[in-house]
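These figures come from a predicted structure and were not determined experimentally. Proteins get letters first, then strands, A, B, ... in listed order; numbering begins at 1 in each.
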Amino acid sequence: MLIVLVISFLLLITIGVPIAFAMGASSLFSLFADGGLGLALIPQRMFTGINSFALLAIPLFVLAGSIMEHGGISRRLVNFSNALVGYISGGLGLSTVLTSIVFAGVSGSAAADTAAVGSVMMPAMKKKGYPTGLAATILACAGSLGPIIPPSLTMILYAVITNVSIVGLFISGIIPGLLMGLGLMLLTYYFGRKLNLKEDGKPSFKEISKATVEAVWALIMPLIVLGGIVLGYFTATEAGVIAVVYALVISMFVYKELDMKGLYKVFVESAATTSMIAVIIAGAGILGWLVAFGKLPLMVVGFLTSITDNPTLLLLLIVVFIVFLGMFIETIAATIILAPILAPLVVTIGYDPIYFGFVIVASLVFAGITPPVGAILNIAVGIGKGKLKETIPYVIPYFLVMLAVVVLVVFVPQVATYLPSILLPQ
Amino acid sequence: ACGSSSNGGSGSSSDKIVLKFGHHLSENHTLGKQATLFAEKIAEKTDGRITVDVYANGQIGDQRDLIEGLKIGTVDMSLGDTAVVSNYYTPLGILDLPQMFDSMEEGMEIVSGELGDVFKKEIEEQIGIKTLVIEPVGYRFTVLGKDKKVSSLDDFNGLKLRTLESPQIVGTFKELGVQTVALPTGEALSAMETGVVDGLESNAEFLSTINIWDLGKYIVETNHNLTFETINISTATWAKLSAEDQKLVLETLDESVDAYFQDSLAANVSARELMEEKGMETLDIDVSRMDPISEKVTEGYVKDNKLEKYHEIIKKAKE
Amino acid sequence: MKHLAKIADTLSVILFALLVADVFLQVLARLFKISNVTWTEELSRFLFVWLIFIGAFTMIRRGMNIRFDLVEDVLPTKVWKITFTIGNICSLLFLVVIAFYGSQLAIMNMTQLSPVMQIPMGLVYAALPVGAILMIAAQIELYFKLMKNRGENLAHSSSD
Ligand code: NA
Ligand code: NA
């Protein structure tokens, strides 16, 4: 049954069948092959896969991102970042990363970050002569900080599946996320010099202050969203609705850049984006069930623990395993399939569940940017109206920079655990 | 999914039978252990002719999915809390009413008698699954966060507590002036950590598996609910078993219930002890206000759902 | 198809707006201790399920359904037409299974009530077959569009 599942899935994605449908159709074929299980399993598992309160973070954060994009908030954040770093070599790339970092403090989803920042930065970068592949790679990697810097949809999902503290997991992500951002900026600076991506002159202090003042409503947004979670006004999932309402008020009544007609479009677009992510989750609901039913998780855990019992090496193996698997599935689908398999391992090897959770979540995020199956990279390429193959020269160095931070966290856990240890009551 | 290895499936005694048993708990939970024990015993008794594949931790579905799975043929056996099963068969909800039973022993005795038989018969008629066992799990009580010490039940007024989404439990806490909040467990813990909620209610064994002492400090013996568990089998699977095999399954389950019950009584005690060891404090407050509340909630629930018949059976059994 | 798109889009806007209002109400009700608003969590999940399956129609029509295009793009059009057709048959087969067995599941769950609001779960499950039928329509439209013009830009296939 598992063989039919794996082979038909790989064949279908290779010929370009949408990932969600490939998951569903290959599950269907493996059910035909097995014969014992009814086909009603398919709609049932799809329904169960998406009937979850934690997943509401998807539509809410996607909508918040879209309102920010169309209501003038993104543009002001970009202006602010441009004023700070735009004059340096590769400056537009640098401000893409910087904007994404601020955006990540509000948004929980890499898809929303990438779309919102990309809508403004991508045309600007292309105009300045950035190769589309480079621009898309910067955008996708920077957008992927969205689920690493809190709030984070992936972390919410992981925490809900495995019963660990969402807030602890959130706070673990701050330092590694900023380190990744820094690494991305350094690499972008390198490409900026190498490809001679010259920028305009240095802005005056007055220009910088003006951009800062204009962006102030946007800049306090992360404080409201994160502060509200940490101070207990709302849960991590509910934070999405706070971001939506705040962005709506600022866009419609303060910046006055969004009217009812625009809002209608924003809703339609966000609904489609939500479906784009959610159909994959629904598909993963079926695939994940069949994988568990075939007892693959037990085999994987048995295999991993048979190789080594050194906790650090084991964690490193898990990172490699997830990143490899991430080439074929999407972040959220991978989280749903892998979290229940890997979380019980913590007990075996004696890691702090929050730390372990962070390493897993950070590795899972790669699933969204690694080709062949990488939604975030696809979205970024789509915004740049380019092709996936154009990213090939750039995607590996960028990918390695982010991976380096995850490996650092494996060897130096304090990078992730220090902030939670001082911020959370023990 | 009653995987028969032979092609005919004629039901002759030499046929290998594989039963897929799914549940939502860990293998270390007393109920998880019961499922494993059942699997071991039946394999032993039949020399491996009947094997039970246990899928723990909700791997192949949570409780609701498993019940549905029994109906659509993806699972053979499952565990189901009464709170979940009663969404399909309302009368079972009477077991979840506050102070319905004075002790786990009394609960065990009553569901093992006439009441249990009536429930099992009606569940088969109404849901189309076969309930083989009904057994008590443990009392639910209230845990409050570090700065939420109360000195009487009156102090519950205005507290925000995460509760199970069961009308019986929500109804009881409403009477105490509590604002109930529905959240998934993972979110409930964070919500308690950040103060979105002041506390939660659950049973001792579950609370100790989630290290509740990291977040909770005070225990209030509200004992507002004695949770029961059902062990179910798909009617199609049941029909495929020969009469001897059916008997064998029931016998083996009965043995597992005896072992489980002793285990569960002990686990409830040791989990409570562990909570105290980890620094939690049981508040010594008068809970007699629960009595009239329980009566009121019970009366309302029985009347609204027309459960007088079942209530009478319980009352009679208690005499 | 245009009319269908208009209806689907309007429906998804309504579902989305209700979803936002519902979760916002949940936060407000708790913060301001407005009596027991216990139904918001359940309602939000049900709205979400419907939103996904209605939104999927526009998602497919706009060519947003995520796929891996590296191999597909290098295939000569003759070969591509074959693989694309096979892929679409597989996708449609899957969608037909959702439509058919999803209806069964919805009917089976019409008597089962949701724990809080006590509405038939079948009404929530009904999102599956309804969504699957919409997706079938969108997928067939997409298939013929792309068979005619492989590189067609779908980004603006919407109701306006
Ligand atoms: Na974020
Ligand atoms: Na990937």
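Of the listed residues (A:Val279, A:Val245, A:Asn378), the greatest number of heavy-atom pairs within a distance under 4.5 Å of chain C belongs to A:Val245. When A:Ile277, A:Leu55, A:Leu248, A:Thr274 are compared by the number of non-hydrogen pairs under 4.5 Å with chain C, A:Leu55 comes out ahead. Chosen from A:Leu56, A:Ile242, A:Leu11, the residue pairing most often with chain C at heavy-atom distances under 4.5 Å is A:Leu56. Annotation: maximal heavy-atom pairing with chain C below 4.5 Å, among A:Ala271, A:Gly240, A:Ala282, A:Gly38, occurs at A:Ala271.
Only the side chain of C:Leu31 comes within contact range of chain A, with heavy atoms under 4.5 Å apart. Only the side chain of A:Leu12 comes within contact range of chain C, with heavy atoms under 4.5 Å apart. No part of A:Lys385 comes within reach of chain C, as not one of its non-hydrogen atoms sits under 4.5 angstrom from that chain. Contacts between A:Thr237 and chain C at a heavy-atom distance below 4.5 Å are absent for every atom of the residue. If you measure heavy-atom distances from A:Leu388 to chain C, the contacts under 4.5 Å come from both the backbone and the side chain. At a 4.5 Å heavy-atom cutoff, A:Ser27 makes no contact with chain C through either its backbone or its side chain. For C:Met108, no part sits under 4.5 Å from any heavy atom of chain A, backbone or side chain. Contact annotation for C:Leu95: only side-chain heavy atoms (C-beta onward) come within less than 4.5 Å of a heavy atom of chain A. In this structure, the portion of C:Asp73 lying under 4.5 Å from any heavy atom of chain A is its side chain and not its backbone. With a 4.5 angstrom heavy-atom cutoff, C:Gln139 touches chain A only via side-chain atoms. With a threshold of 4.5 angstrom between heavy atoms, C:Leu19 approaches chain A through side-chain atoms but not through N, CA, C or O. Interface remark: A:Ile376 contributes no atoms to any contact with chain C (heavy atom separation under 4.5 Å). For C:Leu105, the part lying near chain A is the side chain, with the backbone staying farther off; criterion is any non-hydrogen pair under 4.5 Å.
Across C:Phe16 and A:Pro59, no two heavy atoms sit closer than the pair CZ-O, 3.4 Å. Contact detail for A:Ala40 and C:Tyr101: the closest heavy-atom pair is N-CD2, 3.7 Å.
Listed in order of number, the residues of residues 122-132 of chain C that approach chain A to under 4.5 Å between heavy atoms are C:Val124, C:Tyr125, C:Leu128.
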Legend entry - Test side-chain contact (heavy atoms from CB on, under 4.5 Å) applied to C:Phe68 and A:Met327, step by step: CA-CA 11 Å; C:Phe68 166 56; A:Met327 291 168 68; over 6 Å; no

Inset, instruction - Please test A:Glu238 against C:Arg30 for salt bridge (charged side-chain N to carboxylate O under 4.0 Å, His left out), starting from the C-alpha separation and ending with a verdict. - result: CA-CA 12 Å; A:Glu238 291 166 349; C:Arg30 200 179 51 242; 2.7 Å; yes

Legend entry - A:Phe53/C:Ser44 under side-chain contact (heavy atoms from CB on, under 4.5 Å): CA gap, chis, key distance, verdict: CA-CA 7 Å; A:Phe53 184 72; C:Ser44 66; 3.5 Å; yes

Inset, instruction - Any chance you could lay out the side-chain contact (heavy atoms from CB on, under 4.5 Å) test for C:Phe53 and A:Ile50, step after step, and finish with the verdict? - result: CA-CA 11 Å; C:Phe53 283 94; A:Ile50 51 176; 3.4 Å; yes

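Annotation for A:Ile396: atom CD1 does not count as buried by contact number, only 12 or fewer foreign heavy atoms lying within 6.0 Å. By the 6.0 Å contact criterion, OH on A:Tyr233 is open, its count of non-hydrogen atoms from other residues, nucleotides or ligands being 12 or less.
Between atom CE of residue A:Met276 and atom CD1 of residue C:Ile60 there is a gap of 13.0 Å, rounded to the nearest 0.5 Å. The CG atom of A:Leu28 sits 8.0 Å away from the CZ atom of C:Phe94 when rounded to the nearest 0.5 Å.
Using a 4.5 Å heavy-atom threshold, the side chains of A:Phe234 and C:Leu28 count as separate.
Formation of a donor-acceptor pair under 3.5 Å by the A:Ser275 side chain with backbone atoms of C:Ile52 is found in this model.
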